[in-house]
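Working notes, beginning with the structure itself.
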Amino acid sequence: MSVEADTDEEIVEAIYDGVVDGRSIERALSLSIGRLDASGGNIHVVDTDTLETRYFKGVGDTYTEESVAEFLDHWQYANIYRDAMRRAYKDHGRSVFLSNEDLPDEFLERAAYFQEFFSRMGQRWMAGGLARSDEEVEVSVAFHRPKGTRPFRKKDARFIESLLPHIRRASKLALQLGFPRDGLLPTLVSGFAQSMTASFLLDSSSRVHWHNEAADQLLLAGK
């Protein structure tokens, strides 16, 4: 198995672990940033009715407390890359947005969103996609590279697209339980974790990523 394949497997595992442990979301983003040779990335969950942020996690040196606060203040009014994600998702039959293909250079230069946030952070190239879009929430994942570096390419888009089904499945479960707050899901810790009913978290290959104590007892009884 190649190094990339090993890394991709770690990323997928961290995505599913992120349902029960918010720190694993940071690990998944960190590994993805390294895989994409990016300088930062974020996952953003938005309420589709109120446009309020339900959950945000950014990883990278440019994600300072000040910059994240500015991002959350501006995104719903001038979030150009997210609009491009939606167009790619709904209108073009693609789920991943590449700024060099989906937005003209001159538009990026004058766009208020980039001037107010990513340009101030020294970032230039964007890539990302919608992992989940339904009546309640919209989940996006995005990565960026600084000015003076090469833009994201099709192979980067293919990698991001390969992550989206896993993010979609994990977010579906997280949506039922409540998104991570302060690292852990309190509803899961107090609910499934303490439940007398055996509970498992599986990925698409049926690999078990987490199970509660009741499941552990069930497995021990079956040995």
Side-chain angles (χ1 to χ4, degrees), residues 1-45 55-64 67-68 71 81-82 84-85 88-89 94-103 108 114 117-118 121-133 138-174 179-180 183 201-205 207-210:
M1 186 177 288
S2 68
V3 173
E4 283 190 354
D6 287 339
T7 301
D8 292 355
E9 186 174 330
E10 286 185 72
I11 293 169
V12 170
E13 183 173 349
I15 288 171
Y16 286 109
D17 288 345
V19 176
V20 296
D21 185 351
R23 291 165 296 187
S24 290
I25 297 175
E26 182 172 349
R27 182 168 177 269
L29 284 172
S30 297
L31 288 169
S32 297
I33 288 166
R35 175 78 160 74
L36 289 165
D37 194 25
S39 57
N42 69 70
I43 185 168
H44 191 194
V45 182
Y55 179 76
F56 179 87
K57 183 65 179 179
V59 174
D61 292 340
T62 51
Y63 285 97
T64 63
S67 70
V68 171
F71 171 85
Y81 92 83
R82 197 180 186 97
M85 282 185 191
Y89 184 81
R94 293 181 290 113
S95 56
V96 173
F97 149 71
L98 297 175
S99 61
N100 53 302
E101 293 184 356
D102 294 286
L103 295 174
L108 285 172
F114 282 88
F117 182 60
F118 280 104
M121 289 167 59
Q123 303 304 295
R124 179 64 173 80
W125 301 111
M126 299 289 300
L130 295 179
R132 181 181 173 86
S133 184
E138 185 175 78
V139 181
S140 68
V141 58
F143 300 93
H144 49 81
R145 287 175 178 160
K147 296 174 182 178
T149 60
R150 64 179 178 85
F152 289 97
R153 302 295 189 189
K154 290 285 179 60
K155 68 174 185 177
D156 303 311
R158 286 193 296 270
F159 166 71
I160 296 171
E161 192 159 353
S162 73
L163 297 183
L164 297 183
H166 299 291
I167 295 173
R168 187 177 298 115
R169 293 185 191 105
S171 66
K172 184 176 181 180
L173 180 58
F179 285 98
L201 176 61
L202 310 177
D203 64 17
S204 57
S205 64
R207 180 178 178 180
V208 176
H209 288 271
W210 174 87

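Hydrogens, waters and symmetry mates play no part in the numbers below; they use all other heavy atoms, side chains included.
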Minimum heavy-atom distance between Ser24 and Asp17, given as atom pair plus value: OG-CB, 3.4 Å
Separation of Lys57 NZ from Leu29 CG (nearest 0.5 Å): 8.5 Å
Derivation and outcome, side chain to side chain contact (heavy atoms under 4.5 Å, CB included), residues Asp8 and Ser162: CA-CA 9 Å; Asp8 292 355; Ser162 73; 5.7 Å; no
I would like to know whether Trp125 and Arg150 meet side chain to side chain contact (heavy atoms under 4.5 Å, CB included); could you show each step before the answer? CA-CA 8 Å; Trp125 301 111; Arg150 64 179 178 85; 5.9 Å; no
Can you check whether Val141 reaches Leu163 side chain to side chain, under 4.5 Å on heavy atoms? no
Smallest separation among heavy atoms of Gly41 and Ile33, with atom names: N-CD1, 3.5 Å
Polar side-chain atom of Arg124 near backbone of Thr149 as donor-acceptor pair, under 3.5 Å: no
Can you sort out the partners of Leu36 under side-chain contact (heavy atoms from CB on, under 4.5 Å), two or more places apart, ordered by chain and number? Ala38, Phe143, Phe152, Asp156, Phe159, Ile160
Measure the shortest side-chain to side-chain distance between Arg145 and Asp37 over non-hydrogen atoms and say whether it is less than 4.5 angstrom. yes
Who passes side-chain contact (heavy atoms from CB on, under 4.5 Å) against Lys154, sequence neighbours left out? Glu101, Arg158
Please check this pair: side chain of Ser39 against backbone of His144, looking for a donor-acceptor N/O pair closer than 3.5 Å. yes
For Tyr55 and Ile43, what are the C-alpha separation, side-chain angles and deciding distance, and is it a side chain to side chain contact (heavy atoms under 4.5 Å, CB included)? CA-CA 8 Å; Tyr55 179 76; Ile43 185 168; 4.1 Å; yes
Suppose we screen for side chain to side chain donor-acceptor pair (under 3.5 Å). Which residues come up paired with Arg27, at least two apart in sequence or across chains? Glu10
For Leu130 and Ser140, the nearest pair of non-hydrogen atoms, with its separation, is CD2-CB, 3.9 Å
Between His44 and Phe56, what is the ring plane arrangement, given parallel below 30°, perpendicular above 60°, and tilted in between? perpendicular
For His166 and Ile15, which heavy atoms make the closest approach, and how far apart are they? O-CG2, 3.8 Å
Non-hydrogen side-chain atoms of Arg169 and Tyr16 separated by less than 4.5 Å: yes
Given side chain to side chain contact (heavy atoms under 4.5 Å, CB included), test Val96 with Leu164 step by step and report yes or no. CA-CA 9 Å; Val96 173; Leu164 297 183; 4.2 Å; yes
As an exercise, state the distance from CD of Glu26 to CG of Leu31, rounded to the nearest 0.5 Å. 10.5 Å
